[in-house]
Amino acid sequence: MSGKGEGIVIAPHVAGHLLGGTVWKITKDGEDVIYAVDFNHRKERHLNGTVLESFVRPAVLITDAYNALNNQPSRRQRDQEFLDAILKTLRVDGNVLLPVDTAGRVLELLLILEQYWAQNHLTYPIFFLTYVGSSTIDYVKSFLEWMSDSIAKSFEHTRDNAFLLKHVTLLVSKGELEKVPDGPKIVLASMASLEAGFSHDIFVEWASDAKNLVLFTERGQFATLARMLQSDPPPKAVKVTMSKRIPLVGDELAAYEEEQNRIKKEEALKATLIKEEELKASLGAELPIGDPMVIDVSNANVSSDVAGRHGGSYRDILIDGFVPPLSSVAPMFPFFENSSEWDDFGEVINPDDYVIKEEDMDQTSTRVDGDPDGKLDEGSASLILDETPSKVVSSELTVHVKCSLVFMDFEGRSDGRSIKSILAHVSPLKLVLVHGSAEATEHLKQHCSKHVCPHVYAPQIEEMIDVTSDLCAYKVQLSEKLMSNVLFKKLGDYEIAWVDAEVGKTESGMMSLLPLSTPAPPHKSVLVGDIKMADFKQFLASKGVQVEFSGGALRCGEYVTLRKVGDASQKGGAAAIQQIVIEGPLSEEYYRIRDYLYSQFYSL
C-alpha cells in the first residue's frame, strides 16, 4: 500500500471454498492479521484446499464458527452417496431437482456429474437452468489457472478443458425445459433458497410425485422454503407464492403510457433548460456586455418565418456556430486546424481512438456461445429485449410434498473437527469468531480458549472490539555511521544483525539509531534459526559421525547425546521456546559435534 497505508501489505491466498475465494493476510510492522472466513482444507475436483495451515502465530486471526458443530464424511463417501441417490431416482423414472446458486458451488456438482456420466456412459439428460448459465460456463473456461492442480495440468498437457461439458445442456428459460421429451432427467436450477427463480417453479410441479427427488447441497437460509423442507421431519404440505408477469391492457396500459410520456417531457424540458443555462454562461464569459455582435438568446425565436418549424434547432445552430471571438469584426464559423504529428514511422496515432467502447463491449457480451453471427437465440432475446409494459400478479398455492427430500453437504467448508485442528496448528495470539449460530460460536469459543489461545472474542453484530497488539513497534532510521559498522547475515527472506546503538532524532523529527558514544557492553551470543533433528542426523552422517536416534534423543558417536527440550505446541511463556541440549564428557568429540551444531545457526 502507498500513501496513508504505507507500510501495510495485503496479500490474497487461496481459501478453497469458491473459485476466487480468498483468505486475506494483512501485514504491518512484522505482525500478521489474517481474515479467513469460509475456507475449505479439502482438495476438490475444481479447487485446491486452503493455505491457511501454512500461517503460524499471526497476531490476530478472524474466522467463522458456521460449521463448528458439523462433521462430514470423507469426500469419496460423500460423492458416492450423492451419485447413488440420483441414480436410484432416475432408475425408477423419477426426476431430480438440485436447487443451486448460479456460479459458485454448482461448478463442483457439474464436474462430479460430467465425469461420472463420461466414465459410465450414462444417457440420462442433465440440464443447467439459469439465466446466466452460458455466460457462467464461458467465463469459467478461462479461469483454469485459478482451479485445482489436476485441472490446470490436464489443460497444460492435453489441452482438455474440464468445463467443455458434453453431458450437460445449458438452458436459459423454462420454456426450453418444457420442450424436452418426457423421461427421467436431472435439473440444476437457480435459486438455492427455492424462494424464487426456476427451482421454485419446478419444485411446485414436481413435489407431488413420489418418484421425484429434491436434493439440497447447501443449508437453506433462515425462513426460506429450502430451510423448511430441510427440517426433520419435513412438512407434508407448504404454502408457496406463485408470481406471473402479464402484459398491461386497457386502462392500466393507458395510465402507464401517460405516465411514461409525462416523465419523458419532464426530462426533455430539464435537458433544454440545462443546455440554455450552459449556453448563457459560455456567452457571458466570452463576450463583453453591449457588444453589437452578441446574439440575444431571448429573441432568437422571433423570426419564425426564417426558422420555420425547426426554430429551436436553428437557434441552437445560430448560437453555436456564430459565437465570434473578441478579435473578429464579423460573424464567422469557428475553425480548428487539425495538424497531425509525424515521426520516422509515419503519422502519430492516438491509441484511445482504437479502444473498444464500453457500450460495444456490452453488446458483444450478450452474444451466445456457438453463434458465429452473434445473434441471440429466441429465449435469450425474449428475456433481454422484451420491453412490453407488464405487471406481476401473485397468488398463494398449497403444495403437497410427496417427493423425496435429501440434504448432502456440498458447501465446501471445513467441518468442526478440521477447524479445531487447523486453528490449533495456526495458533494465533488472538482469535475473533464471526458468522455462526450462537450455539456453534459458543462451542468453538470454549474449545479455543482451552486448546488454542487464551484471547478469544465472539463479538455481536455491530459490536466493536479492540484487538490491538501488545507489541510496541517503532520505525527508526539507521544512520550511515551506524550502518557502516554493521555486518548483516542472510536468514531466509531477511537479513539480520546485532546492533548496539543510541536512540536520537533526525532533523525531520523521526527517531534514529546512532553509534554508541561509549564502548558497547558485552552480550551473550544469540543463535538464530531452527533445526530439525532428522536433518542434523544426515548432516553428521555426511561428516563421518556415527549417529542414531535412541529414546527420542540423537546419539552422536560413543558419548555425546542431543535432545530437544520444550513443546512447540504449548502456548506462551518460555515453554514455547524449544532448546537443544548437548550432553557428554568434555572431549575432542564433544567440541567437534558442538561446532557442527553451531554451524547450523547464525551466531550474533
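Hydrogens, waters and symmetry mates play no part in the numbers below; they use all other heavy atoms, side chains included. Quantities reported herein were computed from a predicted structural model and do not represent experimental measurements.
- Residues A226 and A192 come closest through the heavy atom pair CB-O, 3.6 Å.
- Heavy-atom neighbours of E439 CD from other residues, nucleotides or ligands within 6.0 Å: at or below the threshold of 12.
- The side-chain heavy atoms of D201 and M242, taken from C-beta on, include a pair separated by under 4.5 Å.
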Atom pairs and distances, donor-acceptor, side-chain atoms in residues 400-412, under 3.5 Å, two or more places apart:
unit_1	atom_1	unit_2	atom_2	d
D409	OD1	E411	N	3.0
D409	OD2	Q72	NE2	3.1
E411	OE1	R219	NH2	3.1
E411	OE1	R413	NH1	3.1
E411	OE2	R219	N	2.8

Enumerate, atom names and distances included, each donor-acceptor pair closer than 3.5 Å involving a side-chain atom of residues 91-103, sequence neighbours excluded.
unit_1	atom_1	unit_2	atom_2	d
N95	OD1	K185	N	3.2
D101	OD1	V106	N	3.3
D101	OD2	R105	N	3.1

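- The closest side-chain heavy-atom distance from K25 to I10 is not below 4.5 Å.
- With contacts defined as side-chain heavy-atom distances shorter than 4.5 Å, the pair S193/Q221 does not qualify.
- Taking both residues in full, the closest heavy atoms of L122 and L87 are given as CD1-CD2, 3.8 Å, listed atom of the first, atom of the second, then distance.
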Applying salt bridge (Lys or Arg N to Asp or Glu O under 4.0 Å), run through K88 and D84 and close with a yes or a no.
CA-CA 6 Å; K88 181 180 176 182; D84 289 345; over 6 Å; no
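- In this structure, a donor-acceptor pair under 3.5 Å is present between the side chains of R45 and Q115.
- At a cut-off of 3.5 Å, with distance as the only test, no side-chain donor of T388 or S390 sits close to an acceptor on the other residue.
- We find that K391 and E252 are joined by a salt bridge, their nearest charged nitrogen and carboxylate oxygen being less than 4.0 Å apart.
- Looking at every heavy atom in both residues, E44 comes nearest to R78 through OE2-NH2, 3.9 Å.
- Between the side chain of S154 and the backbone N or O of S150, no donor-acceptor pair lies under 3.5 Å.
- Checked against side-chain contact (heavy atoms from CB on, under 4.5 Å), S243 has the following partners two or more places apart in sequence or in another chain: T241, V392, S394.
- Salt-bridge annotation for E205 and K174: present, with a side-chain N of the basic residue lying under 4.0 Å from a carboxylate O of the acidic one.
- Here CG of D38 is found 11.5 Å from OG1 of T22. Values are rounded to the nearest 0.5 Å.
- Under the 4.5 Å side-chain criterion, counting only non-hydrogen atoms from C-beta, I62 is not in contact with I34.
- The only option from F127, F128, Y131 that meets the side-chain contact (heavy atoms from CB on, under 4.5 Å) definition with L171 turns out to be F127.
- Residues L129 and L188 fail the side-chain proximity criterion, which asks for heavy atoms closer than 4.5 Å.
- Taking the six-membered ring for Trp and the full ring otherwise, Y66 and H435 have centroids separated by under 6.0 Å.
- The line from OG1 of T89 to CG of L213 is 4.0 Å long, rounded to the nearest 0.5 Å.
- Smallest separation of non-hydrogen atoms from M228 and S231: O-OG, 2.6 Å.
- Side-chain atoms of V14 and F39, non-hydrogen and from C-beta on, never get closer than 4.5 Å to each other.
- Distance CD1/I112 to CG/L83: 6.5 Å, rounded to 0.5 Å.
- In this structure, CE in M191 is found 11.0 Å from OG1 in T224, a value given to the nearest 0.5 Å.
- Pairing each heavy atom of M147 with each of N48, the nearest pair is O-ND2, 3.7 Å.
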Side chain to side chain contact (heavy atoms under 4.5 Å, CB included) between Y354 and I349: does it pass, once the steps are laid out?
CA-CA 9 Å; Y354 300 90; I349 64 170; 3.8 Å; yes
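- Here the straight-line distance linking atom CD of E266 with atom CG of N261 works out to 11.5 Å at 0.5 Å rounding.
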Step-by-step side chain to side chain contact (heavy atoms under 4.5 Å, CB included) determination, D160 to F155
CA-CA 5 Å; D160 286 339; F155 182 75; over 6 Å; no
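- Summarising the geometry of H46 relative to F163, their closest heavy-atom pair is CB-CZ, 4.4 Å, with the distance given to 0.1 Å.
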Passes side chain to side chain contact (heavy atoms under 4.5 Å, CB included), V168 versus W117? Steps please.
CA-CA 10 Å; V168 179; W117 256 237; over 6 Å; no
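- With a 4.5 Å cut-off on side-chain heavy atoms, Y457 and L433 do not count as touching.
- Separating the CG atom in L444 from the CD atom in E442 is a distance of 10.0 Å, to the nearest 0.5 Å.
- The number of heavy-atom neighbours closer than 6.0 Å to CG of N120, taken from other residues, nucleotides and ligands shown, is above 12.
- S414 and H41 share a donor-acceptor pair across their side chains, judged by distance under 3.5 Å alone.
- Salt bridge annotation for E259-R262: present, with a cationic side-chain nitrogen under 4.0 angstrom from a carboxylate oxygen.
- Inter-residue side-chain proximity for T50 and V23 is flagged as met; some heavy-atom pair is nearer than 4.5 Å.
- Counting non-hydrogen atoms of other residues, nucleotides and ligands closer than 6.0 Å to CD of E258 gives a total of 12 or fewer.
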Would you please test L215 and I86 for side chain to side chain contact (heavy atoms under 4.5 Å, CB included) and show each step?
CA-CA 8 Å; L215 180 52; I86 289 176; 3.9 Å; yes
